[in-house]
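Below is one structure, written out as structure tokens; the observations come after it.
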Amino acid sequence: MKKIYLIALAFITIASHLNAQVIFNETFETYDLGDMLNQNTELWGVWSGNNNAAEDIDISDAYANSGTKSGFIGPGQGPQDVLLNLGNKTTGVYQLTFQMFIPTGKTAYFNIQGMLSASGGAGNGGNGIFNSTNLVFNNTQNPAGGPGIGGAYPGINTGDANYVWDYPEAAWFPIVITFYPDSSQWQMSVNNVEIPRQNMDEDMVVGGIDFFAIDANNEYYIDDLVFTEGDLTDVKNQEAKVLSVYPNPVVNELFIQTEEEVNEIVVYDILGQLIMRKQVNIISPSINLSDLRSGTYLLRIVVGDKTKAIKITK
């Protein structure tokens, strides 16, 4: 448990350089296995607003992106209907990052909710406020769906998806959702591939995420959730001049184009854990990241007494 707190503190330190503040991070490691129930009612609720074993998220040790535990949703259809409370934010920029694991052939579903009720349940009298369409991975109820294919479906079992994405089966992959309530918009990336920015459908509030067991084939796990105020890509502090960093997403070699000599390159994971530190002392260096697993990382480039912080994905 001490290690988890130290990682969280490290990420908060990094985020301060990125003009972002960590609101929470969630690794599931401190919870008892089984039903969440009332182990963390500030963060985890259910659609009905009254925490119960049928609807709440389960703590599992079947799969984990880090540590030994993760959150489990499914199988359905319902009544497992979990709400992650994002605090009903109405102004600013916010970013939610989490890791997702969908076993081979299984289905996953979530949607973005607007204003949650005072109990942490669904808003609009319990009918929900849907700021996204149905975000489905392997939609077996729709002919347009299939293993390794995700999509935003206005109707789960009818019609084509508004937009689609690919994802790896039986492997952890990152989801990043950035919210812009002032302009009533949000943007998501799946496995490091961005989907075009979308409009919030019903209100201008960052209320929560609805993780729902959509059908009997539904089975997925989530882990390492981080929610920040401020877009991690929006760096406004005094920083080193870096002309470009490419390719991003990176596969093996990452190239950094600069006009000045770079002294040091440091890589952290999204939880703030130091992954790599390299002294370079040359102009326009490169760094080999082939050993890193897929995910989101924070790159710190040091030039003299200035630092440039950049979010990269692999």
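Every ring-ring contact (aromatic ring centres under 6.0 Å, His included) that Y167 has, sequence neighbours left out, goes to F137, F173. The ring-ring contact (aromatic ring centres under 6.0 Å, His included) test applied to Y153 returns no partner, not counting sequence neighbours. Take R197 and apply the salt bridge (Lys or Arg N to Asp or Glu O under 4.0 Å) test, not counting sequence neighbours, and it matches no residue. By the side-chain hydrogen bond (donor to acceptor under 3.5 Å, both in side chains) test, N52 pairs with E55, sequence neighbours left out. Legend: residues meeting side-chain hydrogen bond (donor to acceptor under 3.5 Å, both in side chains) with Q141, ordered by chain and number and at least two apart, are D215.
Remark: the backbone N or O of D201 is not paired with any side-chain donor or acceptor of N199 at under 3.5 angstrom. Between the D203 side chain and the M115 main chain, a donor and an acceptor come within less than 3.5 Å of each other. No donor-acceptor pair under 3.5 Å is formed between the side chain of Q80 and the backbone N or O of P75. One N or O on the side chain of D56 and one on the backbone of M36 form a donor-acceptor pair closer than 3.5 Å. Between the side chain of S284 and the backbone N or O of T258, at least one donor-acceptor pair lies under 3.5 Å. Of the possible donor and acceptor atoms, one in the side chain of N142 sits under 3.5 Å from a partner among the backbone N and O of A144. Q39 places a side-chain N or O within 3.5 Å of a backbone atom of D32 that can act as its donor or acceptor partner. Looking at E169, its side chain never comes within 3.5 Å of a backbone N or O of I102 through a donor-acceptor pair. Listed for the N138 side chain is a donor-acceptor partner under 3.5 Å among the backbone atoms of G105. Remark: side-chain polar atoms of N131 are paired, donor with acceptor, to backbone N or O of E202 under 3.5 angstrom.
The two residues D182 and M204 make their nearest non-hydrogen contact at O-CE, 3.4 Å. Between N40 and E26 the shortest heavy-atom distance is ND2-OE2, 4.1 Å. Nearest heavy-atom pair, G295 versus P174, reported as atom, atom and distance to 0.1 Å: CA-CG, 4.1 Å. Shown here for S66 and D224, the closest heavy-atom pair between the two residues is OG-OD1, 2.6 Å. Residues L37 and N51 approach most closely at O-ND2, 2.9 Å, considering heavy atoms. Taking every heavy atom of both residues into account, I73 and N218 meet most closely at O-ND2, 3.2 Å.
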Legend entry - Verdict with reasoning, M100 to F110, per side-chain contact (heavy atoms from CB on, under 4.5 Å): CA-CA 11 Å; M100 193 171 193; F110 65 87; 4.2 Å; yes

Inset, instruction - List the steps and the verdict of side-chain contact (heavy atoms from CB on, under 4.5 Å) for I112 and F179. - result: CA-CA 10 Å; I112 296 171; F179 302 92; 3.8 Å; yes

Inset, instruction - Please step through side-chain contact (heavy atoms from CB on, under 4.5 Å) for the pair K314 and I312, ending with a clear verdict. - result: CA-CA 7 Å; K314 186 174 190 298; I312 60 171; over 6 Å; no

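The six-membered or imidazole ring of F28 lies away from that of Y221, with a centre-to-centre distance of 6.0 Å or more. Aromatic pair F101/W172: centroids less than 6.0 angstrom apart.
Looking at V303 and K308, their side chains never come closer than 4.5 Å, going by heavy atoms from C-beta outward. For the pair D58 and D35, the minimum side-chain heavy-atom distance is below 4.5 Å. Inter-residue side-chain proximity for V266 and M276 is flagged as unmet; no heavy-atom pair is nearer than 4.5 Å. Two residues are said to be in side-chain contact when any heavy atoms from C-beta on lie closer than 4.5 Å; V206 and L96 fail this criterion. Residues V280 and I256 fail the side-chain proximity criterion, which asks for heavy atoms closer than 4.5 Å. Side-chain contact between I209 and L83 is absent, with no heavy atoms from C-beta onward closer than 4.5 Å. For the pair K69/L33, a side-chain contact is recorded, criterion being any heavy-atom separation below 4.5 Å from C-beta on. No side-chain heavy atom of I129 sits under 4.5 Å from any side-chain heavy atom of M200.
Both V82 and I175 are assigned to one and the same hydrophobic cluster, defined by single-linkage of ILVMFWY side chains at heavy-atom distances under 4.5 Å. Criterion: ILVMFWY side-chain heavy atoms under 4.5 Å apart, direct or through other members. Under it, W47 and L86 are not part of a common hydrophobic cluster. A continuous path of Ile, Leu, Val, Met, Phe, Trp and Tyr side chains, each step under 4.5 Å between heavy atoms, connects L84 with Y94, placing both in one hydrophobic cluster. In the hydrophobic cluster analysis, where Ile, Leu, Val, Met, Phe, Trp and Tyr join through side-chain heavy atoms closer than 4.5 angstrom, V262 is grouped together with V245. Both I282 and L289 are members of a single hydrophobic cluster when ILVMFWY side chains are connected at heavy-atom separations under 4.5 Å.
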Taking only distance into account, with no hydrogens and no angle test, what donor-acceptor pairs under 3.5 Å do side-chain atoms of residues 246-255 form with protein atoms, sequence neighbours excluded?
| from | atom 1 | to | atom 2 | distance (Å) |
| --- | --- | --- | --- | --- |
| N248 | OD1 | T313 | N | 3.1 |
| N248 | ND2 | K311 | O | 3.2 |
| E253 | OE1 | N288 | ND2 | 3.2 |
| E253 | OE2 | S286 | OG | 2.8 |

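To the nearest 0.5 Å, the span separating CD1 on I222 from OH on Y63 amounts to 16.0 Å. Remark: L274 CG to R300 CZ distance equals 9.0 Å, nearest 0.5 Å. Remark: F72 CZ to I59 CD1 distance equals 11.5 Å, nearest 0.5 Å. In this structure, N263 CG and Q279 CD are separated by 7.5 Å, a value rounded to the nearest 0.5 Å. For the atom pair D210 CG and D81 CG, the distance stands at 4.5 Å (nearest 0.5 Å). Atom CD of E264 sits about 12.0 Å away from atom NZ of K278, to the nearest 0.5 Å.
Residues N111 and Y109 bring a donor and an acceptor atom of their side chains to less than 3.5 Å of each other. Remark: the Q95 side chain and the T228 side chain contain no N/O donor-acceptor pair separated by less than 3.5 Å. Inspection of the S70 and D223 side chains reveals no N or O donor paired with an N or O acceptor under 3.5 Å.
The aromatic rings of Y220 and F211 sit tilted, their planes meeting at an angle between 30° and 60°.
No option in N191, L135, I149 other than L135 meets the side-chain contact (heavy atoms from CB on, under 4.5 Å) test with W165.
Atom CG of N157 sits in a crowded spot, with more than 12 heavy atoms from other residues, nucleotides or ligands closer than 6.0 Å.
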